[in-house]
Every structure is written in C-alpha cells, then in structure tokens.
Amino acid sequence: MRYPHSDIERKWQKYWEENQIYKTDFSNLNKKLYCLVMFIYPSGAKLHIGHWYNYGPTDSWARYKRLKGFNVFEPMGYDAFGLPAENYAIKTGVHPYDSTMQNIEDIREQLKHIGCMYDWNAELLTCEPEYYKWNQWLFLQLYKKGLAYRKNAPVNWCPSCQTVLANEQVKSDGTCERCGTIVIQKQLTQWFFKITDYAEELLAGLEEINWPEKTKLMQRNWIGKSIGAEVDFQIAGREEKIKIFTTRPDTLFGATYMVLSPEHPLVEKIVTDEFKPAVQQYKESIQSLSEIDRTSTVKEKTGVSTGAFAINPVTGKEIPIWIADYVLMTYGTGAIMAVPGQDERDWEFAEKFNLPIIRTVNPPEDFSGKAYLGDGPAINSDFLNGLFVDDAKKKITEWLEEKGIGKSTINYKLRDWLISRQRFWGTPIPIIHCSNCGEVPVEEKNLPVELPYDVEFKTTGQSPLVTNPDFMNTMCPKCGHDAKRDPDTMDTFVDSSWYYFRFLNPKIEDKIYDKERADNWVPVDMYVGGAEHATMHLLYARFIHKFLRDIGLTKSDEPFINLVHQGTITNLGAKMSKSKENVVNPDTFTSQYGSDVFRLYLMFMGPYELGGDWSDKGIAGTDRFVQRSYELFNKHKDAIKKSVSKKIYELNELNESEKIIYRKVNQTIKKFDEELNHFRFNTAIASLMELLNELSKNLDSCSKEIQSYSLERYAVLLSPIAPHLGEECWALIGKEKSIFEEPVWFEVDPAALVKDNTLVVVQINGKVRAKIELPVDTPEADVKKTVYEDRKVKVHIDGKRIVKEIYVPNKIYNIVVK
RNA sequence: GCCGAAGUGGCGGAAUUGGUAGACGCGCUGGACUCAAAAUCCAGUGAGGCUCACACCUCGUGCCGGUUCGAGUCCGGCCUUCGGUACCA
C-alpha cells in the first residue's frame, strides 16, 4: 500500500493543533530550549524552496531535541515591513498594508503544511502598531542615552526620478533600475544609532558565543579594529590643522604628501583659487562612484591637488595636499598622510602624479617590489633609524604625545548604523521638528506614532509620509507650537534586532516584553538563518541586546548562544529570491510526494551549511525510503501489542540475524544522534537508510520481541526527520499516544557497539596491498606475524630491504621497503 | 577591489586527530516478476590496462609545487564558482 501522504499529514496536523502539542509552557524551565529560525519576509513570491530548506531541517532538529526531553520553544513570525511591498505599491497601486496582510495569510497556510512544531500563540507581525510601537520606544531609549543622533550621510539619488534609491535599485553600471539615469551620491541629514560605542564589546563578546568561526571572523573584520595614532598636520600659512589616522606612525618621516577625502570639510577652505575649478570638477566626476569602485586597487588612481601645503611635523618640510577618491570620509578622519614607500596605494598614486617617494623601512636585500609593507629597520628617519616597526611605532607615538601633536588611537572600520529611510513602509521615527525647540522626542505615553494608511506613493524624493498632512502636522510637545513630524521611517533591521524577546509574549501591551520571562528564556539557544546576515542583522541584534542589558532589561550579554547557517539553494546558479524571478514552488513536490518526502529530500541533498543548486533528480530516492518504511510498519501492525521487548538483550542469546539487527539498531541510534545533533541531516538520513536495508534483509528471521525492539526504535528515529510518517508508524505498531505528546528516546546499549574483529590494512610504501581480518586488539607481534605470512605481502617485499614499519593499532600496518 | 566560503564518479554527496577514496541515494546496465508496461525485488556500476576467469597492476579528490612511511585532509602559489560589501532582507 502506498503511503497516503495527504491523509496522514492532515490527520496529524489536525491532532497536533487540536491538542495544542506545541504550545510552550514557559513556566517549565527544566531543559528549556529556545530554537529560533530567522522569521520570514512575507513577499508576494510566497514560500519557496529556500524557506523550506531553512525551516524544515531546523524543525527536525527541534523535534529531535523534544524527543530527547527538552522543553522546546519554536516560534514563527513575519518581518513585514520593507522595500519590496512599497515598490509593489508604486508599480500596481496596491497598498503595502493590504498586499503584506494578504501575503501573510497565504504564507501562514503554507507554513502550516510543512508541519513544523511552531507555537502559533507566539506569532508576531512587525507591521502592527503593537509591535512597532516598541521600535519607537527603543529609539527613544537610545535617544535619551545619546545613542540616536542625526548627521549628514550620502544616499543614492536618481536625478531623473527625484528619489532615493536602495543599493539594490542601482544597477552594477551605476544607473537607476527604473529609468537608466546615472545615480549620484547626495548628502542628506539622517538618523544614526551609535553602534560604534559598543565596538569593543561586540568584538570581545565573540569569544563567548558558539558561532561558526567564519561568521565571527567576518564580524571581526567588519568591526575592523586597528591600533595606530592620530597626528595633526599644520596647514602651511593657516590656522587649521588636518587630523589624520595612521596605523603606521613609524613611517611619518616618509610622509611626502597628504590626501583628503574629496568630501572633507577642509577641502573648500584650503583649496587655492588656481585649483578651485579642478577640485570642483573632480568632485563632480566621482559623484557616481560607489565606495567599492573608489577603493578598488585595480582601478587607476585619480586625484587632484588643492594647491595647499601642510607641514610634516617631524621633517618640518612642506608637503602638498591632494584630494583623491580612495580616501573615504567614513573611515578614520577622512584624511591620510601618504607614505608611498610603505603603502601600495600611496606608491601607485605617487608614481602617477610624480610625488616624492622616501623609504623609511629598509627592505630585505632580495626585495624587488615597490612599496615595502614588511618589518625591518627604520631608515631616513632621524631618531627612529635602526628601530624595527613595533619599537619605532612606540617611540614616535611617545614623541608625538610629548609634543602635543598626536596620540595613540584605536580606530574601527565599523560605522554608526544609519537607520533613516525616506520611505513609507516602516516604523515612523518618533521625533517632532519644531521651529522653536528643534528636534523633540514624542512622549512615551503618546506612542505609537501610527503609520497612516493614506499616502501618495509618487516618487518625490521625500518619504511618502510627507503627503499626509494629518500625519505631518502636529504640535510641539515642549512649547505647543505647530510642528512637523519626522517623515522618515526606520530600517527594518531595527525590527529584527529584538524580535526574539517579543516572541515570548507578543501580546503584552504595557512593556516591550516580559522581563522575567526573558531572563528565563533568553538567550536563544539555537538560531538558524542565512550566512548573508553575518555582518548586518547579526551585529545589529547583538548591539541592541547589549543596549537592552545596559538599561536593565535583560541579564544576558548575547542574544544567540549557538548559530547555524543553512546554505543557499540556488536555481540554475542564481540565488532564489523575491527580486529575481527564479523561484521554484515547493507545492509541485509536496502535492506529488508529500511534505515529509520533500523535507527529507532537502535534508538529504547535502551538508546543511552548503546549500546547492536545486535539482529534483533524486527525490525518488527519499520517496522510496518513505514507501519502504511505511510498508515495513504495515507488515508489522500492532507488533508491540503482540510482543513486548526488553530494554537490553545479551548478544550471545540472539541468533545470527538478531545479532546483526540488534547491533545495527544500536549503531544507528548512536550515529543518528550524533549527526542530527550537529545539523548533519544528510548523513543522519543515510544511517537510517542503512538500517532500513538491514531490516528489510533480516527482520523476518528475528523473533517477535526483537522485531518490536527494532521497530519501536526505528519509528522514534524517523519521527524528527519525517514527523507525520513517524507518528503514523508509531501508531501502526500499537502505540496509543502521539510521540511528540509523550516524547520518547531510546538509549544505546554500549555492549552492542563492541566489535569483535577489525580489518587491518597492510600498506607497502603507502600503497594498499592486503587487508587482514583480525580480532580487535591483537598484540602487535601477532599482527606482524600474520602480515608477513600474507601471500601478497611476500610478493611485494621479496628481494627488498625493510627500512621501516609503522603500526596503527587495529587499522594500518605499513611497511617501507627499498 | 576588500572580507568570508566552496571545488571529490554520469549526478547529489560520504570519509574521527593525516591512515582502505567514493558510505547513502539518484541515474545507468543486466536479470526476476508481467501478455506488456509501471511499480517492486536481485546483481553490477570511478577511469584505464591485463586476463577464459579468479586475480592482479596503473591512474584518480579544480591546477602547480612542498611536507610525510602515508595527503581529499597539512603548508605555499594559482584558477573557477558562490555569499557579504553598510538602503534587499
């Protein structure tokens, strides 16, 4: 009988829902486990295979933990704000609220078909005022502490559409995706969260969390801590100084010119009349370049002189001040001292513009390159001469500090988090702009500042909120005068930086979340989501978590103790995504094979962290596995009612088939347990397939007792990875209760794992020449005797001299001959 | 460009600390069952050589080089593909 997937799925999903099997008891803290998968962006493309790949296997892991006795909390919600819904509105006229809500309705149904053990009581939507109110509250807390502030920052601006574009909306050739006009960078006053205040702690905290090393490394590099010095360079003939940051203060004697970022505020002041047109022209020429273009080391260096000079503080010499696009305003002080002798970019620049090059570190004899970045004794450096880099750094820094023109500094690549968006579909920023009082925060009691429904989505360059006067016009909370609301909304990463707290009690009205429950359930024990979030979402969430701790709202230092990244499922080589139209619909496969087969196939495809290109070749294999398993249980209906098994059997009381089965069952439990625990679903499933092959061969020649013993265990192992099938098989052999209602896990009998014999591989000069079966732990002398008696060994060592022998117990006997 | 990964049969992939390369599955080939097909079951399946056959030999984990008795695994240098690069989330 074929496995009737749709009947069985319906039956168990109904049972789980009606009996509230997955409603979490938050008061039971014994073995609590918070398993969180990154919540879903509800796009019009609905669920695609990538979502299934994220949610199905993670749920299997959570179910496995539940069977092992953990009190698992597994929620699901919707990251409902965001750009695509707004773009859709501009294109079709359908309001973002309406399209998002419709998408959520559809997605919720699709999610339920996967059969995950989500606690639907904990569902949350970030676009509801009851949620985003607390984004605003969080903003105000940050504002109070001086961690939310405004400054100028560049945005992508399309001069033709008169609108701000997301990076995604700018094509790789630098043009607008809508109209093809060249996009420029325009300065705008915007809100920032001061994540840089936490840079050091964000770095240190990485030591405490069990995350993939590569993710931690990416965060470390993103934070980009570097130790160096700030040095003031006097501008010749002017009051002002130029402050630079350098990681190589030891090379100061080699600083032969300076470079300011073209956006540097001093540029306008110092540029001489003669150079003004050139500077202006240069600034315009780089307006359309992205930072990636500007800092590319393969692109030819460009720049112009300002005509002004600065004084090198150690040599007293005048050095020219240039501007160039490879110096960014966002890093360090936006100005550098150029040391071509020890910096490749500076060398290239100096060569091109005929600027002097002085080596201040003596390269080794055989060095033939241009700039020399390595260690060596200082030269051409007066009082530093002869010192190696580290010592020279120390000495010059002391000298600078003594003279009051510089100091040792730590600099980070990390920038403050720009949260303003000139868009509608997001959380309104709770600030009121008053002509008397300036920026005034909305009072907490007046939250939420609700997002109005009626706005114009025409592209005007301002947030669409500007088009709704009822929203915009308000009164200043301080002085009572007419005032305007801030028209911008927040980056959606704000929503996702604290949602794991809110899941614990999404309906709570008077607080951001229930602190006591949070202290019991946060940090999240297992967090699963894509590696593409390594540096942004995962860093922002850590930052906000630490901030919440600092205002007394959580005890923990980190939000996510364990982190796993599922790989990306691509289609024809490209990432499946809402923005591209290459989404594969899982329904095709779930309707044909059922949800469990599809889930199994996704897990069996390969290592979870790797993902891969989608192909449905091979799904027949997991389907066969399900059919054969179901067949097996049908053949042994009510097995446990007919014969009750013991917990442990003595191997020598079993017949040959029973011995094979008993061993294989126990080996499989051990292997499966280890593999599943580490998210190695593919090998976990492979081990079950091996077990099934063995059961098909030998179960019939086992006693009823051993049959019960094996089938009980096999059903338990099936349950986390194929939950509907597992439940059904569990019931088929005669179990009365749902396995997830009364979780069961069988312990391994260690005696069954002990091997009698082992295969010793004989190598001669590293090549396998013979394989000899021997009892485990045979003494080396006896092994040697057997090895030398082997016919093939004799052939290969005949007439040769034995140089060396290596014996790895129970594994390898290697003979080296000449 | 910079930061981070990955590369193994026809295909997806497996392989404790360096110790039998190819588990498990797909596909393919042959056989059984069938009037026939599908489904199912059984056997075989890295490439090449040699042999009636059993056996045996050589090569083989992106490319080049190194360390080692022994390298898919470690080291150095490349190539290709993918993720991120601060307004997609």
Side-chain angles (χ1 to χ4, degrees), chain A residues 2 38-41 43 79 81-84 87 153 155-156 164-170 190 212-215 217-218 220-222 224 290-299 326 330 413-423 491-493 495-496 529-537 539-540 565 567-568 570 573-575 577-579 601 604-607 609-613 615 617-622 624-625 627-628 631 682-683 685-690 693 696 759-768 770-771 792 795 803-806 808 811-817:
Chain A
R2 282 197 63 81
M38 287 178 188
F39 61 175
I40 187 166
Y41 177 79
S43 77
D79 188 10
F81 277 139
L83 183 65
N87 284 340
V155 291
N156 298 312
V164 177
L165 298 178
N167 290 341
E168 193 191 42
Q169 297 173 297
V170 182
Q190 311 207 61
E213 272 313 312
K214 63 160 187 168
T215 310
L217 189 55
M218 276 191 264
R220 271 186 210 110
N221 291 336
W222 186 262
S290 70
E291 278 189 9
I292 295 173
D293 298 332
R294 286 176 56 164
T295 53
S296 166
T297 53
V298 291
K299 188 194 77 141
Y326 76 96
T330 49
K413 238 182 242 141
L414 181 68
R415 304 177 200 162
D416 280 337
W417 174 12
L418 193 168
I419 61 134
S420 306
R421 300 290 182 269
Q422 291 70 45
R423 305 190 194 285
D491 179 6
T492 56
F493 280 130
D495 310 354
S496 56
E532 66 272 21
H533 293 291
T535 47
M536 306 196 69
H537 160 60
L539 197 64
Y540 295 144
H565 296 303
T568 315
T570 55
K575 195 180 165 187
S577 79
K578 49 198 172 279
S579 50
Y601 179 59
F604 189 58
M605 264 172 47
E609 292 78 10
L610 236 58
D613 203 48
S615 156
K617 277 186 194 146
I619 194 166
T622 47
R624 260 171 229 156
F625 171 70
Q627 301 299 340
R628 287 173 63 204
E631 186 78 32
N682 54 335
T683 46
I685 293 170
S687 76
L688 286 201
M689 286 174 168
E690 284 188 45
N693 289 343
S696 310
L759 199 66
V760 174
V761 173
V762 185
Q763 297 183 339
I764 291 158
N765 287 349
K767 290 194 170 163
V768 179
K771 295 170 187 179
K792 282 197 63 189
V795 171
V803 180
K804 198 175 175 183
E805 285 165 274
I806 298 120
V808 183
K811 256 185 194 166
I812 295 273
Y813 200 99
N814 193 3
I815 306 165
V816 185
V817 295

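Side-chain atoms are counted along with the backbone in the values below, which use heavy atoms only and exclude waters and symmetry mates. Lettering follows sequence order; numbering is per chain, from 1.
- Annotation: B:U20 and B:G76 have their P atoms spaced 25 Å apart (nearest Å).
- Taking the side chain as every heavy atom from C-beta outward, A:W417 and A:L539 never approach each other to under 4.5 Å.
- Judged by distance alone, with hydrogens and angles left aside, A:Q422 brings a side-chain donor or acceptor within reach of the base of B:C87, the pair sitting under 3.5 Å.
- Expressed to the nearest 0.5 Å, how far NE2 of A:H537 lies from CG of A:D79 amounts to 8.5 Å.
- Annotation: B:C54 and B:G44 have their P atoms spaced 13 Å apart (nearest Å).
- For the P atoms, the distance linking B:C26 with B:A21 amounts to 26 Å, nearest Å.
- In the set B:U20, B:C69, B:A5, B:A5 carries the atom at the smallest distance from any side-chain atom of A:L217.
- Of the possible polar contacts, none joining the A:S296 side chain to the A:D293 backbone as a donor-acceptor pair under 3.5 Å is found.
- For the pair A:I806 and A:I812, the minimum side-chain heavy-atom distance is 4.5 Å or more.
- With respect to the salt-bridge test (charged N to carboxylate O, under 4.0 angstrom), the residues A:E291 and A:K413 do not qualify.
- A:R421 has no side-chain polar atom (N or O) that falls below the 4.0 Å cut-off from OP1 or OP2 of B:A86.
- Taking atom CZ of residue A:R423 and atom C1' of nucleotide B:C88, one finds them 10 Å apart after rounding to whole Å.
- Taking CG of A:L414 as the reference point, atom CZ of A:R220 lies at 14.5 Å (rounded to 0.5 Å).
- Ranking B:C26, B:A14, B:A89 by closeness to the A:T683 side chain, first place goes to B:A14.
- Side-chain proximity of A:Q190 to the nucleotides B:C87, B:G4, B:G84 is greatest for B:C87.
- Spacing between atom NZ of A:K811 and atom C1' of B:G18 amounts to 10 Å, rounded to whole angstrom units.
- Nearest to the side-chain atoms of A:T492 among the listed nucleotides B:C69, B:C26, B:A89 stands B:A89.
- Considering only side-chain atoms of A:N221, the nucleotide from B:G4, B:C24, B:U20 that sits closest is B:G4.
- Among the protein residues, A:S687 comes within range of no part of the nucleic acid, since none of its heavy atoms lies under 4.0 Å from any strand.
- Scanning both residues, A:A534 and A:T215, for their nearest heavy atoms gives CB-CG2, 3.8 Å.
- Look at the C1' atom in both B:C2 and B:C75: the space between them is 24 Å, to the nearest Å.
- Base contact: A:V808 has a heavy atom under 4.0 Å from a base atom.
- The side chain of A:K792 contributes an N or O atom lying less than 4.0 Å from OP1 or OP2 of B:C56.
- Picking from B:C24, B:G13, B:G19 the nucleotide with the shortest atom distance to the side chain of A:M689 gives B:C24.
- Between A:R628 and the phosphate of B:C41, there is a side-chain N or O to OP1/OP2 separation shorter than 4.0 Å.
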Dot-bracket encoding per residue of RNA chain B, Watson-Crick/G-U cut-off under 3.5 Å, | denoting interstrand: (((((((..(((......[....)))((((((.......))))))((((......))))..(((((..]....))))))))))))....
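- Taking the C1' atom of each, B:U16 and B:U73 are spaced 12 Å apart, rounded to whole Å.
- When heavy atoms are screened at a 4.0 angstrom cut-off, A:W417 is found touching no nucleic acid atom at all.
- The distance from atom CG of A:D613 to atom P of B:G13 is 10 Å, rounded to the nearest whole Å.
- Nucleotide B:G9 carries a syn base; the chi torsion (O4'-C1'-N9-C4 or O4'-C1'-N1-C2) is within 90° of 0.
- B:U45 and B:A23 are spaced 10 Å apart, taking the P atom of each and rounding to whole Å.
- Under 4.0 angstrom from either OP1 or OP2 of B:A14 there lies at least one side-chain N or O belonging to A:N682.
- A:N156 has its side chain within reach of A:N167: a pair of non-hydrogen atoms, C-beta onward, lies under 4.5 Å apart.
- Of the listed nucleotides (B:G12, B:G83, B:U20), B:G83 has the atom at the smallest distance from the side chain of A:M218.
- Picking from B:C87, B:C26, B:G1 the nucleotide with the shortest atom distance to the side chain of A:R624 gives B:C26.
- Among the nucleotides B:C69, B:U20, B:U85, the one closest to the side chain of A:I292 is B:U85.
- For the pair A:I685 CD1 and B:C24 C1', the interatomic distance rounds to 10 Å; values are reported in whole Å.
- Between A:S696 and A:S296, the residue anchored closer to the 5' end of RNA chain B is A:S296, taking for each the nucleotide with the nearest heavy atom.
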So which protein nitrogen or oxygen atoms get under 3.5 Å of nucleotides 43-51 of chain B's nitrogens or oxygens?
none

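- Listed pair A:K804 / B:C69 meets the phosphate criterion, a side-chain N or O lying under 4.0 Å from OP1 or OP2.
- The phosphate of B:C59 has OP1 or OP2 within less than 4.0 Å of a side-chain N or O from A:K767.
- The side chain of A:N814 has B:G19 as its nearest neighbour among B:C26, B:A5, B:G19.
- For the residue pair A:N693 and A:R628, a side-chain donor N or O sits within less than 3.5 Å of a side-chain acceptor on the partner.
- The shortest distance between side-chain heavy atoms of A:L83 and A:Q169 falls below 4.5 Å.
- Side-chain to base pairing of A:E532 with B:C82: no donor and acceptor N or O lie closer than 3.5 Å to each other.
- Comparing B:G22 with B:C79, their C1' atoms are spaced 25 Å from each other, to the whole Å.
- Applying the 4.0 Å criterion to OP1 and OP2 of B:A86, one finds that A:N167 has a side-chain N or O inside that range.
- Put simply, the side chain of A:E532 does not reach to within 4.5 Å of the side chain of A:H565, judged on heavy atoms.
- If you take atom C1' in B:G70 and the same atom in B:G62, they sit 23 Å apart, rounded to whole Å.
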